[in-house]
Protein chains: 2
Amino acid sequence: MAKVTANDVARYAGVSQSAVSRVFTPGASVSKAMEKRVREAAIELGYRPNILARSLITGSSRTIGVVISYLNNQFYPELLELLSRELRTRGYHPLMFIASNQDDIEEVTAEILDYQVDGVVLASVSMSSGLADRCQAAGIPVVLLNRTVENNAFHSVTTDNRSGGALIAHHLIDNGFKRIAFLAGWEQASTQRERERGFLDAMHKRGVSLHSRGVGNFDFDMTKEAVRQMLQADTRPDAIFFANDHMAFAGIGVIEREFGLRIPEDISVVGFDDVPLAAWPSFELTTVRQPAESMVLETLRLLFDNQQNQEPQHIELAAELIVRRSCPQRSGDTE
Amino acid sequence: MAKVTANDVARYAGVSQSAVSRVFTPGASVSKAMEKRVREAAIELGYRPNILARSLITGSSRTIGVVISYLNNQFYPELLELLSRELRTRGYHPLMFIASNQDDIEEVTAEILDYQVDGVVLASVSMSSGLADRCQAAGIPVVLLNRTVENNAFHSVTTDNRSGGALIAHHLIDNGFKRIAFLAGWEQASTQRERERGFLDAMHKRGVSLHSRGVGNFDFDMTKEAVRQMLQADTRPDAIFFANDHMAFAGIGVIEREFGLRIPEDISVVGFDDVPLAAWPSFELTTVRQPAESMVLETLRLLFDNQQNQEPQHIELAAELIVRRSCPQRSGDTE
DNA sequence: CTGAAAGCGCTTACAG
DNA sequence: CTGAAAGCGCTTACAG
């Protein structure tokens, strides 16, 4: 009924408490006989080591703080699931923090540190430099996932968003679109800025200028409104690139349901992320795939391979264009 | 650089270590002068109490184990977000465990207990009775969220799934549908069973029999296949009730894209959950709303109000029919 | 109100 | 290989 400790097991098995500890410490030296005796007693009594007590000594809580926001964009549940799985295989577990508003992050991270986490992953949230110092001081590695930050003070893992934007520009131009529009996400976000920059640079190089631009802020309802504005203009775009899939889904709804236009016949749509929804028959969205699994693996590598005072690394993974019905490849029609 | 402890603060402020502890323990008796002196020193040195050490003594880790699976159904990210927010306001944080396959649960829960969590929430996963004993023995409260289990050994919070199923039956019959089909979820799940039972009982009472039945297992691709079968039959249903929204989205894709049928003119569709996606213009899904926020609040109530050896409680919250385009109310047509 | 001391459940040098 | 002892960073009776 009461919690059973290493001492209880030791008494029961007639050995010392240190022996019990050794049996449950990988790599410690114990004889086969001792091991057997202790394990049997442990099972008998239902003993399992208390991780908290262990952490106090080893200085490692086997816990990683994961700060995430914006779960209604399906990309983040996907990252979370992968992260959780991979951490577990390494003997770690995520302590979750869902940050609603940007202002929260300071407070949230302070709370995380109180739990003595062994590292922090920030997905889709940026970080103030005040926290930088605090994590640095505590010697806790921090990795930004799907974000970078101005001063480059932290490790980060992203897709090569500029190249991704360029892939889309080339796809649209190659397929003969003449009135190409862009719908921006939250303009403070590095993902948004890089995607747009890569997109516009490639357009410029090909001598094509943007037909129109709106801002959806990565928000569903704001995107709907921005698309309405675009479609009510004198000349409509013949293709729209949305800065992420989530916004593209909002746009598709407005285009098909509110304006009765056909995709891709009347207007083509491209997104960014390749979330599972993008492949659904209702959308079949042409998009740029972010390699979620590789992103998570790189994140963990940076977290665990961490040398003291190592220079922050910025990993950029290759983007891949996924062509589907919403903006198909027109055969031969290139140029 | 090194971690700063209560002892460091005590030395710096010229007081005892117990005094420092008291300043950071709500409700402990300290003079204003002492408090000021210690707090200043703490800020100066960047001190924050180590939660692990505190937990070891108080026996409370301020951590709740949250086991969840099936994040591709948007209902679960939604629950997770609410849960995380509410826990935080109470000074707790979720330790996340994403259970991929059902077999995992035993192992996962054992790991959770090692972290000395103060409670466990199981969302969308069932629990073996072996674990029941272990949690009981450890005195850790367990709440099932959106599930019940045969033997009723645990607290649970669900929507009244039977009434929800009945609401849908009445809506369909009242609107004159004659060939009503049901697409079942994972048949082991209590949610699936209850929804179907409420639905069929109400149909039976109104003297209407089911046109056809398929099984989608709560899985997107299996649902698509099941819907194809249904639509290829000699007589097609004129309305389909899917056991959850996630499956309904798969069905809508097949109906509209693969068979070129119109919703609701050719065939009507109803789901269950009312996830955010259901309101999207591409779907506008008629469904039964699960009151996610109330579910989470009740879950926390059961978790924290827990008396020793209290009888398991089974909370069922009211279901509400949300009528949208995919199966609208036909005015006046109600028999 | 304050401090000295015991102790939470472990790990880890240190002897033997 | 094994045990006795110190100690991780706190909280909490116990005196004063």
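Computed over heavy atoms, backbone and side chain alike; hydrogens, waters and symmetry mates excluded. So you know, we letter chains A, B, ... as the sequences are listed, proteins then strands, and number each from 1.
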Item to check | N/O (side chain, B:Ser18) to phosphate O (OP1/OP2, C:dT2) under 4.0 Å | outcome: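 Indeed not, no polar side-chain atom of B:Ser18 lies that close.
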
Next on the checklist: Considering every strand and a 4.0 Å limit on heavy-atom distances, what is the contact class for A:Ser29: base, sugar-phosphate, or nothing?
Outcome noted: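 Counting heavy atoms under 4.0 Å across all strands, the contact made by A:Ser29 includes a base.
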
Checklist entry - According to the interplanar angle, ranging from 0 to 90°, do the rings of A:Tyr92 and A:Phe304 count as parallel (below 30°), tilted (30 to 60°) or perpendicular (above 60°)? => result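 Ring orientation of A:Tyr92 relative to A:Phe304: tilted.
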
Next on the checklist: Rounded to whole Å, please give me the gap between CG in B:Asn7 and P in D:dT11.
Outcome noted: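 So the CG-P distance, B:Asn7 to D:dT11, works out to 12 Å.
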
Next on the checklist: What is the distance, to the nearest angstrom, from the CG atom on B:Asn50 to the P atom on C:dC10?
Outcome noted: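 Rounded to whole Å, this separation is 17 Å.
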
Next on the checklist: Categorize B:Ser21 for me: base, sugar-phosphate, or nothing, with a 4.0 angstrom heavy-atom threshold over every strand shown.
Outcome noted: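 Counting heavy atoms under 4.0 Å across all strands, the contact made by B:Ser21 includes a base.
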
Next on the checklist: If you only use heavy atoms from C-beta on, which nucleotide in C:dG3, D:dG3, C:dC10 is closest to the side chain of A:Gln17?
Outcome noted: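 Nearest listed nucleotide: C:dC10.
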
Next on the checklist: Can you measure A:Glu35 atom CD to D:dC1 atom C1' for me and round it to whole angstrom units?
Outcome noted: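 Computing the A:Glu35:CD to D:dC1:C1' distance gives 13 Å.
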
Checklist entry - Among C:dG9, C:dT12, C:dC1, which nucleotide sits nearest the side chain of A:Leu56? => result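 Closest nucleotide to the A:Leu56 side chain: C:dG9.
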
Next on the checklist: Looking only at side-chain N and O atoms, does A:Asn146 offer a donor or acceptor that is under 3.5 Å from a partner on A:Thr158?
Outcome noted: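 The answer is no; no qualifying pair exists.
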
Checklist entry - Mapping B:Met34 and A:Ala6 onto DNA chain C by nearest heavy atom, which one lands closer to the 5' end? => result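 It is B:Met34 whose nearest nucleotide is closer to the 5' end.
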
Next on the checklist: From CZ of A:Arg22 over to P of C:dA13, roughly how many Å is that when rounded to an integer?
Outcome noted: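 Atom-to-atom, A:Arg22 to C:dA13, this comes out as 11 Å.
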
Checklist entry - Do the side-chain N or O atoms of A:Thr5 get closer than 4.0 angstrom to the phosphate oxygens (OP1, OP2) of C:dG9? => result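 Result: no.
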
Checklist entry - Any idea how A:Tyr115 and A:Phe97 line up, ring-wise: parallel (<30°), tilted (30 to 60°), or perpendicular (>60°)? => result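 Geometry flag for A:Phe97 against A:Tyr115: perpendicular rings.
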
Item to check | Side-chain N,O (B:Thr58) to OP1/OP2 (C:dC8) below 4.0 Å | outcome: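 Answer no for this pair, as no side-chain N or O of B:Thr58 is under 4.0 Å from OP1 or OP2.
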
Checklist entry - Base, sugar-phosphate alone, or nothing: which one does A:Ser31 contact when heavy atoms must sit under 4.0 Å apart? => result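 Contact class for A:Ser31: sugar-phosphate only.
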
Next on the checklist: In whole Å, I'd like the distance from the CZ atom of B:Arg11 to the C1' atom of C:dG3.
Outcome noted: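 Roughly 16 Å, once rounded to whole Å.
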
Checklist entry - In whole angstrom, what separates B:Arg54's CZ from C:dC8's C1'? => result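 Interatomic distance, CZ of B:Arg54 to C1' of C:dC8: 14 Å.
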
Item to check | Criterion salt bridge (charged side-chain N to carboxylate O under 4.0 Å, His left out) against A:Glu35, the qualifying member of A:Arg37, A:Arg39, A:Lys32 | outcome: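 For A:Glu35, the salt bridge (charged side-chain N to carboxylate O under 4.0 Å, His left out) check succeeds only for A:Arg39.
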
Checklist entry - Aromatic ring centroids of B:Phe24 and B:Tyr47 under 6.0 Å? => result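 Ring centres of B:Tyr47 and B:Phe24 closer than 6.0 Å.
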
Next on the checklist: Between P on D:dT2 and NZ on A:Lys32, what's the gap in Å once rounded to a whole number?
Outcome noted: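 So the two atoms are 12 Å apart, to the nearest Å.
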
Checklist entry - Which whole-number value in Å describes the distance from B:Ile51 CD1 to C:dC8 C1'? => result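 After rounding, the gap between these two atoms is 16 Å.
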
Checklist entry - Which base sits across from D:dT2 as a Watson-Crick or G-U pair, both distances under 3.5 Å? => result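 Matched D:dT2 with C:dA15 under the 3.5 Å cut-off.
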
